[in-house]
Protein chains: 2
Amino acid sequence: MDLDLRKLRYFATVAEHRHFGRAAERLFIAQPVLSRQIKSFEQELGCKLLIRTTRSVELTAAGQQLYEEAQQILPSIAAAVRRVHDADQGVQRLAIAFSPGLYVADAIREFTSRHADVEIDLIPTRWWEPDRPLRDGRAQIAYLRRQFDESGLHIVPIGQDPRFACMPAAHPLAARQELSMADLDGERMLDVPNRRTSSIEEKFELIASGHGIALVPLSVARSYSRPDLAHLPVTDAPGIETCLAVATDRHDRVLRGFLETATAILRRG
Amino acid sequence: MDLDLRKLRYFATVAEHRHFGRAAERLFIAQPVLSRQIKSFEQELGCKLLIRTTRSVELTAAGQQLYEEAQQILPSIAAAVRRVHDADQGVQRLAIAFSPGLYVADAIREFTSRHADVEIDLIPTRWWEPDRPLRDGRAQIAYLRRQFDESGLHIVPIGQDPRFACMPAAHPLAARQELSMADLDGERMLDVPNRRTSSIEEKFELIASGHGIALVPLSVARSYSRPDLAHLPVTDAPGIETCLAVATDRHDRVLRGFLETATAILRRG
DNA sequence: CAGATCCATACCGTGAAGGTATCAATTGCC
DNA sequence: GGCAATTGATACCTTCACGGTATGGATCTG
């Protein structure tokens, strides 16, 4: 019924070396023991894993699949045990779910500088279900763009993320204090990432070299400031609403601390 | 050294019930056995997991952490074993990595209808490292926007995804059959999709409420059609290059089949 | 054909897991 | 306060899985 992790490790070593003798040596056990363990493992699983001749060891389809699974499972178990030991040493932990569209680096940097003892787990989510890790308990906080008000979640709007126009410092508009969307009419706007740029850095390269102007959220503008680029607030651009969702059943010190930090970040602008 | 999954299951059951007797009953073992196994488990891990009095059972911090880990580990192991059994029954499997910005549903639907015997694993990636699952063996195929030519990956451009202008249905241009980039001069263009700024849904909200026009790939236009939006092909807009990356070390029938399907999809338009 | 290589089998000792019987401690009732 | 009930821990026994050594059978090599 339970998968035996020791046997899984034995199997993974044999699969890696394709050789019982060398695998046994690596595992610090005698070769006959390894043969017997693998055989027993195959019986427990109910399927053959290895095709052995006296001169070669090959993987069956099931064996190949199990080998790939083992390469996921074994390190993840080791990491889990490490986290348990950390918790035993008093390390607090906060798992934050975020969709790729949301910029969380500032809040996390600020939070970790204040709470150096708290370990952060970043859990990437699929953008169409940003609340999933929250619901299945894998995260305590989730970043969302729009407002979910589904049951069991507590939504905390942490502010409008204002948008900035990013342009070359030499651009005529760069002398202004702020802009409106009307000022940008007729400007060449970069719809990135496009065929030439996919990284945000390349985007700023393009802007700096005069290929156009882009609208970016405050947090991006702040973290990519360079002397040859100007960022101007666009007063009437629709802000991007960012929310934090927290599960209703947990309200500890760490969680409250992060909410405060995240809110403060956006407020400060 | 190896975590004992049986003991982990025992512990998880005790943690769930907070009661040795009932947990033992659920596990179909005698209560003293359970007590001894938990004690042994704590010694193996090197930390206390439970605070027991004769009338109550509580979790320590380490115990709480381990309980959460167990809720991830145990189902994932069961799923892994299922996949191994599937593989043993001849079920082929294909893991596809994709960043949220890339639309893969059409290709997958088409592929599964042709290869009903192949199980698809969808692996969401962080957009800044879309090739990660490929490199660590968790996926056989990765969707990318731009051309990575890093070592060990084989890049297959599967075509230009033509771009459509998305605008309110009431917009003057919406009556046209097709557009050129010149027609869009002076229009307010929305700087999305930008993985750092906005969800797709929000983008279409903005467009519908008259805040601008956006260029979107065909696949996105097709899957987000709504009555108040119009999508018109832009004949001279540079297409968005979509690539598939495959690990160089695997070239089986299933993988080749998917490449063909994905290419055909984009060709058909 | 002889020797080397390599995996499998046979057999043995140790220890962990499961069982039953019972103890010790706390709670609750009278 | 004392007694019964509840609950987890301990003691002791049996079985079986895991480790070891010795050896067999098959295949490749010179």
Side-chain angles (χ1 to χ4, degrees), chain A residues 1-60 62-64 66-67 70 73-74 77 81, chain B residues 1-60 62-64 66-67 70 73-74 77 81:
Chain A
M1 157 135 196
D2 289 298
L3 190 73
D4 188 329
L5 288 186
R6 181 198 286 120
K7 288 177 178 172
L8 181 62
R9 186 163 53 87
Y10 287 0
F11 165 75
T13 307
V14 174
E16 183 191 348
H17 289 79
R18 316 225 152 174
H19 192 289
F20 277 72
R22 264 184 282 284
E25 192 177 357
R26 167 73 68 95
L27 291 166
F28 304 108
I29 60 174
Q31 169 267 317
V33 174
L34 188 54
S35 289
R36 191 154 33 88
Q37 293 288 8
I38 298 294
K39 184 178 179 181
S40 150
F41 197 33
E42 288 179 321
Q43 284 171 351
E44 283 170 23
L45 281 170
C47 54
K48 286 196 78 67
L49 300 171
L50 299 171
I51 303 166
R52 318 124 153 101
T53 69
T54 52
R55 304 304 286 182
S56 74
V57 176
E58 293 301 324
L59 296 176
T60 63
Q64 178 62 35
L66 185 60
Y67 182 41
I73 290 171
L74 295 175
I77 298 258
V81 171
Chain B
M1 155 137 197
D2 290 298
L3 190 72
D4 189 329
L5 287 186
R6 182 199 286 122
K7 288 177 178 173
L8 182 61
R9 186 163 52 88
Y10 287 180
F11 165 75
T13 307
V14 174
E16 183 191 347
H17 289 80
R18 318 224 151 174
H19 193 288
F20 278 72
R22 265 184 281 285
E25 192 178 357
R26 166 73 69 95
L27 291 165
F28 303 106
I29 59 174
Q31 170 266 315
V33 175
L34 188 53
S35 287
R36 190 154 34 93
Q37 293 289 2
I38 298 294
K39 184 179 179 180
S40 150
F41 197 33
E42 288 179 321
Q43 284 172 351
E44 284 171 23
L45 281 169
C47 56
K48 285 195 77 65
L49 301 171
L50 299 172
I51 303 165
R52 318 117 150 106
T53 68
T54 52
R55 307 300 289 181
S56 74
V57 176
E58 294 299 325
L59 296 176
T60 65
Q64 178 62 34
L66 185 59
Y67 183 41
I73 290 171
L74 295 174
I77 298 259
V81 171

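Since we're looking at a predicted model, the values are computed, not measured.
Contact check for B/Leu3 versus A/Val81: side-chain heavy atoms found under the 4.5 Å cut-off. Between B/Ile51 and B/Val57 the shortest side-chain heavy-atom distance does not fall below 4.5 Å. Side chains of A/Leu50 and A/Val14 form a contact here, defined as non-hydrogen atoms less than 4.5 Å apart. Here the side chains of B/Leu45 and B/Leu66 are in contact, with some heavy-atom distance below 4.5 Å.
Among residues two or more places apart in sequence or in another chain, the salt bridge (charged side-chain N to carboxylate O under 4.0 Å, His left out) test is passed with B/Glu16 by none. Partners of A/Glu42 under the side chain to side chain donor-acceptor pair (under 3.5 Å) rule, at least two apart in sequence or in another chain, are A/Arg52. Among residues two or more places apart in sequence or in another chain, the side chain to side chain donor-acceptor pair (under 3.5 Å) test is passed with B/Gln31 by B/Ser35. Among residues two or more places apart in sequence or in another chain, the side-chain contact (heavy atoms from CB on, under 4.5 Å) test is passed with A/Arg36 by A/Val33. In terms of the side chain to side chain donor-acceptor pair (under 3.5 Å) criterion, residue partners of B/Thr53 (sequence neighbours excluded) are, by chain and number, B/Ser56. Among residues two or more places apart in sequence or in another chain, the side chain to side chain donor-acceptor pair (under 3.5 Å) test is passed with B/Arg18 by B/Glu58.
Regarding A/Ile51, its CD1 atom lies at a distance of 13 Å from the P atom of C/dA8, rounded to whole Å. Here C/dG18 presents its C1' atom at 8 Å from OH of B/Tyr10, a figure rounded to the nearest Å. For B/Asp2 and C/dA16, the CG to P distance is 15 Å, given to the nearest whole Å. Spacing between atom CG of B/Leu34 and atom P of C/dG19 amounts to 10 Å, rounded to whole angstrom units. When rounded to the nearest whole Å, the span between CD of B/Glu25 and P of C/dG19 equals 13 Å. Atom CG in B/Asp4 sits about 14 Å away from atom C1' in C/dG15, given to the nearest Å.
Heavy-atom minimum distance, B/Leu34 versus B/Phe20: CD2-O, 3.4 Å. B/Tyr67 approaches B/Ala12 most closely through the heavy-atom pair CE1-O, 3.6 Å. Contact detail for B/Phe11 and B/Leu49: the closest heavy-atom pair is CE1-CB, 3.7 Å. Nearest heavy atoms, B/Ile38 versus B/Tyr10: CD1-C, 4.1 Å.
With a heavy-atom cut-off of 4.0 Å to chain B, the contacted part of DNA chain D has its first and last nucleotide at D/dT6 to D/dT10.
Along DNA chain C, the nucleotide closest to B/Ala30 and the one closest to A/Ser56 are compared, and the more 5′ of them pairs with A/Ser56. Residue order along DNA chain D, read from the 5' end via each residue's closest nucleotide, puts B/Arg52 first among A/Ser40 and B/Arg52.
Over its full length, the helix from C/dC1-D/dG30 to C/dC30-D/dG1 turns its helical axis through 20°, comparing axes from the five pairs at each end and rounding to 10°.
Near DNA chain C, meaning a heavy atom under 4.0 Å from it, residues 13-23 of chain A has A/His19, A/Phe20, A/Gly21 in order of number.
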Cut-off 3.5 Å, no hydrogens considered: what does the side-chain donor-acceptor table look like for residues 21-29 of chain A, sequence neighbours left out?
{"residue": "A/Arg22", "atom": "NH2", "partner": "A/His19", "partner atom": "NE2", "Å": "3.2"}

Contacts under 3.5 Å, N or O only, protein and nucleotides 23-27 of chain C:
{"residue": "C/dT26", "atom": "O4'", "partner": "B/Thr54", "partner atom": "OG1", "Å": "2.8"}
{"residue": "C/dT27", "atom": "O4'", "partner": "B/Arg55", "partner atom": "NE", "Å": "3.4"}

Atom pairs, protein N/O to nucleotides 9-11 of chain C N/O, distance under 3.5 Å:
{"residue": "C/dT9", "atom": "OP2", "partner": "A/Lys39", "partner atom": "NZ", "Å": "3.1"}

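Remark: A/Lys39 NZ to A/Glu44 CD distance equals 13.0 Å, nearest 0.5 Å.
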